[in-house]
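Since the structure comes first, as structure tokens, the remarks are kept for the end.
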Amino acid sequence: MASTFFTSFDIPNTLDLKKHNHHPLKNQTRPKTRFYCNNSSKSPKTTKPDLSDEPKKQNPSLSQQLQTLSTTILSDTPQKNNQTSQLLSKPKSIWVNPTKPRPSVLNLQRHKKTSYVHNPQIRDLRMFSKKLNECENDKDVFFKVLDDIPHPPTRENALLVLNSLKPWEKTVFFFDWIKEKEFFPMETIFYNVTMKSLRFGRQFQLIENLALEMIENGIELDNITYSTIITCAKRSNLFDKAVEWFERMYKTGLMPDEVTYSAVLDVYAKLGKVEEVMSLYERGRASGWTPDAIAFAVLAKMFGEAGDYDGIRYVLQEMKSLGVKPNLVVFNSLLEAMGKAGKPGLARSLFEEMVAADIAPDAKTLTSLVKIYGKARWARDALDLWQRMKSNGWPMDFILYNTLLSMCADLGLQEEAEKLFDDMKGSDNCKPDSWSYTAMLNIYGSGGHVDKAMTLFDQMSKENVAVNVMGCTCLIQCLGRAKRMDDLVTVFETSLKKGIRPDDRLCGCLLSVVSYCENSDDLDKVIACLQQANPRLVSFVNSLEGNTEFEKVKEEFKGILNNTEVEARRPFCNCLIDICRKRNLDERAHELLYMGTMYGLYPGLHTKTSEEWRLNVRSLSVGAAHTAFEEWMGTLSGMVNRQEPLPELLSASTGAGTHKYSQGLANAFESHVTKLSAPFRQTEEKPGVFVASREDIMSWVQSKV
DNA sequence: CTAGGGTTAG
């Protein structure tokens with residue numbers, strides 16, 4: 001059975017905001033995730049170890065209070081709703097005994113650290129620890145060095161050494177030694193220090209063993225012990241263990257302090273259990289807790305991961321009303337969260353707020369912001385930011401460099417990227433890696449600068465930087481467009497030899513080259529590459545010709561799509577349609593478009609209002625757009641012939657080619673329309689939108705008869 | 001890493 005404390009998560013979701021009246025902001029918009037409570041009964045299932053060895057000093061007031069809670073409002077009985085409404089109107093009625101203070105879920109007093117005792121032997125011991133750390137990580141070697149300990153292992157001396165040992169194996173050697181030799185009685189702090197070292201080594205099992213040993217030997221586990229155990233479990237993704245040890249604290253009568261409490265908030269946050277986090281948060285608040293910046297950073301990150309903008313606002317307003325000033329980490333978490341919630345403008349103003357508050361941004365801050373501006377395609381803001389980074393001397397690091405480069409690649413900022421790339425080459429710690437090169441290959445590739453791209457590729461071999469699958473894809477795309485098939489084959493083969501495993505994007509890229517190959521020599525070369533990467537796709541391409549039955553094509557196409565990453569499915573379909581168009585297999589092209597639509601690859605292809613019907617071909621390749629247009633015109637002709645009503649306006653949207661890969665669609669569409677002498681005209685106000693009136697269409701259809 | 005909690009790319 002779960003502890004009484006955690007059954008409290010069964011509070012109905014409609015309740016949990018109003019159950020505490022202390023909120024100064026109770027009328028504000030609440031985080032949207034707080035309304036979903038469907039998984040709150042699924043708090044992590046834990047296998048409880050036998051607790052019989054633990055001291056039975058239950059904290060009466062806590063368990064009593066929590067018992068009260070669980071029996072009063074949290075039962076699974078049908079009267080829950082009645083109690084809910086009572087609670088809403090009279091929150092205080094939940095306490096059975098009003099003379100008792102509110103149940104507290106955390107201790108507002110932090111664990112006090114023992115005061116530092118000056119140790120004159122500190123220098124010697126430090127040197128000695130260093131020797132221990134530098135010796136081979138082997139038990140015998142370690143003990144040989146240990147023989148020369150310069151001072152007797154008193155409590156203070158041992159602690160000093162224990163504190164500075166790494167890696168964890170050595171800490172354990174030393175710990176076992178002082179324990180075995182019984183120089184002095186073991187205390188909690190020795191276990192805590194050892195656990196901390198084990199945590200660096202992610203040795204959760206050893207930490208848990210030590211904790212059980214403490215229980216067995218009657219050594220008190222304090223908040224430091226628990227928070228170390230909990231955070232180690234968390235970092236090892238053993239969330240059920242983290243929760244288990246948190247619950248165990250209450251059972252043994254120990255109240256978490258704010259450090260342990262916010263560590264647990266983070267455990268639930270990382271599990272995505274927003275409801276549980278907010279329940280804990282509010283219970284903490286109701287216990288008189290004023291969360292600090294760290295707790296708010298946890299909440300901010302959690303709401304960011306959930307893309308929950310209301311949640312982010314809630315965090316901001318809570319901090320404001322509680323008078324907690326955000327620090328650098330909180331700002332960073334909030335900025336990141338704003339990005340994930342898709343609010344670039346608010347991220348920008350938050351950043352200005354941060355600078356105005358005299359908090360200097362660090363590389364993480366700037367990385368978040370660059371990412372946000374890049375994603376929003378705000379080239380000017382991104383470049384302004386970069387300018388400010390340079391003039392203010394704001395810190396750069398490797399990740400920030402690469403993020404800037406990727407942003408430049410996304411926005412097609414070639415000159416800026418070249419400058420950054422050169423800066424990286426000239427730096428000491430931020431030499432370009434495969435991602436930096438990939439960004440450059442992306443820029444040169446999409447800009448059609450084949451030679452520059454190839455030079456980079458050669459440079460990578462010389463600099464011993466491994467090409468990755470994305471870099472390979474960018475390069476192959478560019479070589480394909482330039483019809484440099486021999487280079488394309490070389491790059492593909494070299495990459496395979498270097499261990500690149502072609503993914504669906506790379507296959508899609510090869511398939512697109514197939515779709516515009518002008519002669520059979522070229523075609524054979526590219527097909528040979530594709531054959532190595534995805535033979536099934538090649539045989540499917542071959543089956544498109546001739547009179548393969550539709551049902552067979554459909555089954556195979558479905559199978560292929562099912563084995564393809566979602567993001568590559570539409571490109572596959574687009575390329576296959578293009579291939580059909582190129583080979584005058586128009587009927588097959590229509591079949592493929594039909595299937596693609598069936599399988600949801602083209603959502604929103606056709607939208608209708610009472611005044612206007614629109615064909616949206618922005619996400620289609622040229623051949624697919626032609627096919628879709630023909631299909632549509634066929635439908636419209638049929639309707640005209642059957643004298644069915646049409647809307648006043650018919651339009652087709654190709655997009656104006658602002659995206660680097662969509663250029664040319666509007667032009668190709670225009671010439672196709674001209675070829676069919678269809679009455680669509682590109683509007684001047686909206687480039688990339690072609691319109692025709694009902695009358696135009698009707699007379700065009702009738703003229704064809 | 002001087003006993004415990006929070007933030008960074010693809």
Side-chain angles (χ1 to χ4, degrees), chain A residues 106 110-114 116-117 119 122 125-126 129 133 156 159-168 171 187-201 207 221-232 234-235 242 246 256-267 269-270 291-302 304-305 326-337 339 361-372 374-375 395-407 409-410 433-439 442 468-471:
Chain A
L106 87 165
R110 271 234 209 163
H111 191 289
K112 280 199 289 285
K113 290 205 177 181
T114 43
Y116 174 75
V117 186
N119 189 336
I122 193 163
L125 288 164
R126 271 195 189 291
S129 305
N133 282 341
E156 274 67 36
L159 208 45
L160 210 136
V161 173
L162 192 64
N163 243 317
S164 45
L165 285 181
K166 62 182 176 186
W168 61 269
T171 314
E187 300 164 33
T188 303
I189 189 169
F190 290 94
Y191 281 89
N192 288 350
V193 171
T194 305
M195 283 184 182
K196 188 186 170 190
S197 175
L198 285 166
R199 195 183 63 173
F200 278 109
I207 287 186
L221 283 75
D222 61 15
N223 257 289
I224 297 176
T225 321
Y226 279 108
S227 59
T228 310
I229 298 170
I230 289 166
T231 53
C232 180
K234 180 177 72 184
R235 289 175 199 184
F246 181 55
D257 64 12
E258 75 169 328
V259 174
T260 313
Y261 203 72
S262 52
V264 169
L265 283 186
D266 193 42
V267 168
K270 295 228 149 55
D292 63 4
I294 292 176
F296 284 118
V298 168
L299 295 187
K301 165 132 197 196
M302 172 183 77
E305 293 297 327
N327 63 15
L328 177 62
V329 177
V330 173
F331 270 115
N332 286 353
S333 304
L334 284 167
L335 283 170
E336 179 83 14
D362 66 1
K364 286 178 186 167
T365 321
L366 300 164
T367 300
S368 293
L369 216 51
V370 168
K371 237 173 85 185
I372 290 168
K375 202 173 139 198
M396 295 282 287
D397 69 4
F398 188 58
I399 294 178
L400 180 51
Y401 264 118
N402 273 346
T403 306
L404 276 164
L405 267 182
S406 302
M407 183 270 296
D410 287 342
D433 72 346
S434 67
W435 283 94
S436 328
Y437 274 97
T438 300
N442 189 355
N468 62 27
V469 68
M470 181 178 167

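Numbers restart at 1 for each chain; the letters A, B, ... are given by sequence-line order, proteins then strands.
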Checklist entry - Which nucleotide in the list dA3(B), dG5(B), dT8(B) gets nearest to the side chain of E258(A)? => result dG5(B)
Item to check | Contact nearer the 5' end of DNA chain B, comparing R110(A) with S197(A) | outcome: S197(A)
Checklist entry - Looking at the side chain of N192(A), which of dG4(B), dT7(B), dA3(B) is the nearest nucleotide? => result dA3(B)
Item to check | Distance-minimising heavy-atom pair for P395(A) and L400(A) | outcome: O-CD2, 3.6 Å
Checklist outcome for this item: Whole-Å distance, M407(A) CE to dT8(B) C1', equals 16 Å
Next on the checklist: With a 3.5 Å cut-off and heavy atoms only, can you find an N or O donor on one side and an acceptor on the other between the side chain of T228(A) and the base of dG4(B)?
Outcome noted: no
Item to check | Presence of donor-acceptor pair under 3.5 Å, side chain of N163(A) and base of dA3(B) | outcome: no
Checklist entry - Does the side chain of D257(A) reach to within under 4.5 Å of the side chain of L106(A), using non-hydrogen atoms? => result no
Checklist entry - Where the side chain of N223(A) is defined as all heavy atoms beyond and including C-beta, which of dT8(B), dG4(B), dG5(B) is the nearest nucleotide? => result dG4(B)
Next on the checklist: Of the listed nucleotides (dT7(B), dA9(B), dT8(B)), which one gets closest to any side-chain atom of V329(A)?
Outcome noted: dT7(B)
Checklist outcome for this item: Checking dG5(B), dG6(B), dA3(B) against the side chain of I224(A) (C-beta onward), the nearest is dA3(B)
Checklist entry - Just by modelled atom types, is the D433(A) backbone N or O under 3.5 Å from a matching donor or acceptor in the S436(A) side chain? => result yes
Item to check | Any donor-acceptor N/O pair under 3.5 Å between dG6(B) base and N327(A) side chain | outcome: yes
Item to check | Interatomic distance where CG belongs to L221(A) and P belongs to dG4(B) [whole Å] | outcome: 16 Å
Checklist outcome for this item: Of the candidates dT8(B), dG6(B), dG5(B), the side chain of S262(A) sits closest to dG5(B)
Item to check | For K364(A), side-chain hydrogen bond (donor to acceptor under 3.5 Å, both in side chains) partners two or more places apart | outcome: none
Next on the checklist: Distance check needed: dA9(B) C1' versus M396(A) CE, whole Å only.
Outcome noted: 13 Å
Next on the checklist: For dT7(B) and K301(A) - does any side-chain N or O of the residue sit under 4.0 Å from the phosphate oxygens OP1/OP2?
Outcome noted: yes
Checklist entry - For dG6(B), does OP1 or OP2 lie under 4.0 Å from any side-chain N or O of R235(A)? => result yes
Checklist entry - dG6(B) base to N332(A) side chain: any donor-acceptor pair below 3.5 Å? => result no
Checklist entry - Rounded to whole angstrom units, what separation is found between the CG atom of L198(A) and the P atom of dA3(B)? => result 16 Å
Checklist entry - Reckon K375(A) has a side-chain N or O less than 4.0 Å from the OP1 or OP2 of dA9(B)? => result no
Item to check | Rounded distance in Å - CZ (F398(A)) to P (dT8(B)) | outcome: 18 Å
Checklist outcome for this item: Per atom distances to the K234(A) side chain, the nearest of dA9(B), dG4(B), dG6(B) is dG6(B)
Next on the checklist: Tell me if the side-chain of T260(A) makes a donor-acceptor pair with the base of dG4(B), cut-off 3.5 Å, by modelled atom types.
Outcome noted: yes
Checklist entry - Do D222(A) and dG4(B) have a side chain to base donor-acceptor pair shorter than 3.5 Å? => result no
Next on the checklist: I'd like to know if the side chain of S164(A) and the backbone of L160(A) have a donor-acceptor N/O pair within less than 3.5 Å.
Outcome noted: yes
Item to check | Partners passing side-chain hydrogen bond (donor to acceptor under 3.5 Å, both in side chains) against D397(A) (at least two apart in sequence or in another chain) | outcome: none
